[in-house]
Amino acid sequence: MSKPALESESVTGFDVTVPPLTILYQDDYLVVVDKPSGMLVHRSFLDKHETRFVLQSLRDQLGQHVYPVHRLDRPTSGVLVFALSADIARVLSQQIEAGLWQKGYLAVVRGYLKTAGILDYPLKEQHDAIADKFAKVDKAAQSAITRYQPLAYVELPFAVSRYATARYSLVALQPLTGRKHQLRRHLAHLRHPIVGDTSHGDGKHNALFREKFANDRLLLCAYSLQLPHPVTGELLKLYAGLAELDSVFERLSWSTDSSFYQHFFDTFLELKSCKKSQ
C-alpha cells in the first residue's frame, strides 16, 4: 500500500529553491507530511504577509490537489494528514468525529511534572478578534480532556526569577478532545506551561531557552498519530521527526532515538485508564 516517500521533485509550480516538505507516508488515497514549526497549514487573512503554506507547498510538490482534514497550530510541528480526493477527505473527517484517531505529542514544560494523569478541565472557546468577531462569546466551557505522562527531567544551573536553578520535564500528551490550544492551556493550568508558548507560557523561561539554546519555537511536537486507513481499515502508525527539538534534547541529555519514542507511543496510545486530576 505504501509508496516510497518523495524526494524533491520538479513539478509544475514547485519552487525547487525551497526545501520540500518531508513526506512520512503516501499512497493513492492520502499523504502525510512532517509539518515544520512556524508554517501555516493554509492561507489565512490573519497573516497576509506569509508566503509559504503547507497546503499550497504540498500541492505544488506533488503536482496534484490535496485536501486538508485537520490542522496543527502554526508553532507546532509534526504529523499532518491530507486526503488526495474529496471522498477520502470525507471519510477521514468522519473518523475524527468518531474519535478513531489517536494523537500523541511531545512537549518540554517548565518544572517537574512528577506523576502521570488525566486532566479533565473544561475550556471556554477562544475567539480571534478578526476571524471570530461574529461568534457567540458567552458559550459555556466545553469538555476538554488530556492525558499526560512525564518521560524525563533536567535541572539546569541557570537562575530564573527567585530560583537558583531551572527545572524542566519532557512530557508525553494525548488530547482526548480537540479544543483550541487545548494542550497549551491545559499545561498552563497544571502550572507546567510549555516552553516557547508566547500566549500561555512563562516569558522568563522562554527567554532562557532563546539565550542558552537558540530556541525561538514552541517546544510542542505532534509526534505520533494512529488511524485506520480510510480504504483498507489497516491501522496506520505515523511518526514525525523531532525537528529542532533534536538539538534541544541533546543539550538536555535526553534521548533523540526515534525508536525509543515510537515504541513509547505505540504503548501509550493503547492505554485507556489513568488517574484524573482537576
Side-chain angles (χ1 to χ4, degrees), residues 35 40-47 67-76 78-81 89-111 113-150 169 171-203 206 218-228 268-269 271-278:
K35 174 193 164 310
L40 290 167
V41 173
H42 50 70
R43 295 184 188 278
S44 170
F45 65 86
L46 298 178
D47 196 334
Y67 300 78
V69 292
H70 70 127
R71 64 185 296 275
L72 292 175
D73 292 337
R74 180 176 186 168
T76 305
V79 179
L80 186 63
V81 179
R90 183 163 48 252
V91 173
L92 292 171
S93 296
Q94 290 169 348
Q95 289 182 354
I96 296 173
E97 289 294 321
L100 299 180
W101 286 26
Q102 303 296 318
K103 303 175 183 179
Y105 289 72
L106 289 171
V108 180
V109 306
R110 183 192 71 189
L113 199 164
K114 296 181 179 180
T115 60
I118 293 181
L119 177 62
D120 186 347
Y121 180 73
L123 295 171
K124 293 273 291 185
E125 188 173 358
Q126 287 189 327
H127 297 291
D128 183 271
I130 299 176
D132 302 314
K133 63 181 179 180
F134 298 115
K136 186 177 179 180
V137 296
D138 58 347
K139 291 174 61 176
Q142 299 173 299
S143 173
I145 305 173
T146 300
R147 289 182 60 218
Y148 56 90
Q149 180 171 323
S169 303
V171 181
L173 303 167
Q174 182 185 17
L176 300 181
T177 52
R179 307 306 173 203
K180 186 175 183 180
H181 297 170
Q182 175 176 315
L183 299 181
R184 296 158 67 178
R185 295 167 72 186
H186 268 182
L187 269 296
H189 176 75
L190 290 172
R191 303 295 188 266
H192 295 286
I194 299 175
V195 175
D197 188 345
T198 57
S199 299
H200 310 282
D202 185 321
N206 295 347
L218 177 71
L219 294 182
L220 177 66
C221 173
Y223 187 81
S224 178
L225 173 63
Q226 297 182 8
L227 71 152
F268 181 66
L269 296 180
L271 299 177
K272 302 300 181 184
S273 62
C274 195
K275 181 180 178 181
K276 286 190 177 182
S277 59
Q278 300 296 324

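The main-chain N or O of Lys139 is found under 3.5 Å from a side-chain atom of Lys124 such that the two form a donor-acceptor pair. With hydrogens and angles ignored, the 3.5 Å screen pairs no side-chain donor or acceptor of Arg110 with any backbone N or O of Gly201. Without hydrogens or angle criteria, Arg179 side chain to Ser143 main chain gives a donor-acceptor distance under 3.5 Å. At least one donor-acceptor pair closer than 3.5 Å links the side chain of Arg191 to the backbone N or O of His189. A donor-acceptor pair is defined here as one N or O able to donate and one able to accept, closer than 3.5 Å; such a pair exists between the side chain of Asn206 and the backbone of Asp197. Side-chain N or O atoms of Lys180 include none that pairs as donor or acceptor with a backbone N or O of Glu125 at under 3.5 Å.
The OG atom of Ser199 sits 11.0 Å away from the CD1 atom of Ile194 when rounded to the nearest 0.5 Å. For the atom pair Leu92 CG and Tyr67 OH, the distance stands at 13.0 Å (nearest 0.5 Å). In this structure, CD on Gln174 lies 10.0 Å from CG on Leu183, to the nearest 0.5 angstrom.
Using cut-offs of 30° and 60° for the angle between ring planes, the His70 and Trp101 rings count as perpendicular.
Counting only heavy atoms from C-beta outward, the side chains of His186 and Leu123 approach each other to under 4.5 Å. Side-chain contact between His200 and Pro193 is absent, with no heavy-atom pair separated by less than 4.5 Å. By the 4.5 Å heavy-atom criterion applied to side chains, Leu187 and Leu113 are counted as neighbours. Counting heavy atoms from C-beta outward, Tyr105 and Thr76 have side chains that approach closer than 4.5 Å.
In terms of heavy atoms, Ile145 sits closest to Ile118 at CG2-CG2, 3.4 Å. Among all heavy-atom pairs drawn from Ser169 and Gly111, the shortest one is OG-O, 2.6 Å. Here the closest non-hydrogen pair linking Ser224 and Leu269 is OG-CD1, 3.7 Å.
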### Message
Using side chain to side chain contact (heavy atoms under 4.5 Å, CB included), reason through His192 and Val171 one step at a time and then give a plain yes or no.
### Response
CA-CA 10 Å; His192 295 286; Val171 181; over 6 Å; no
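Taking the side chain to side chain donor-acceptor pair (under 3.5 Å) definition, one finds that Gln182 meets it with Thr146, Thr177, sequence neighbours left out. Under the rule for a salt bridge (charged side-chain N to carboxylate O under 4.0 Å, His left out), the partners of Asp73 that lie at least two apart in sequence or sit in another chain are Arg71, Arg184.
A cation-pi arrangement is present between Arg147 and Phe268, with the terminal nitrogen or guanidinium carbon under 6.0 Å from the aromatic centre and inside a 45° cone about the axis.
A side chain to side chain contact (heavy atoms under 4.5 Å, CB included) with Leu220 holds for exactly one of Leu173, Val108, Leu106; it is Leu173.
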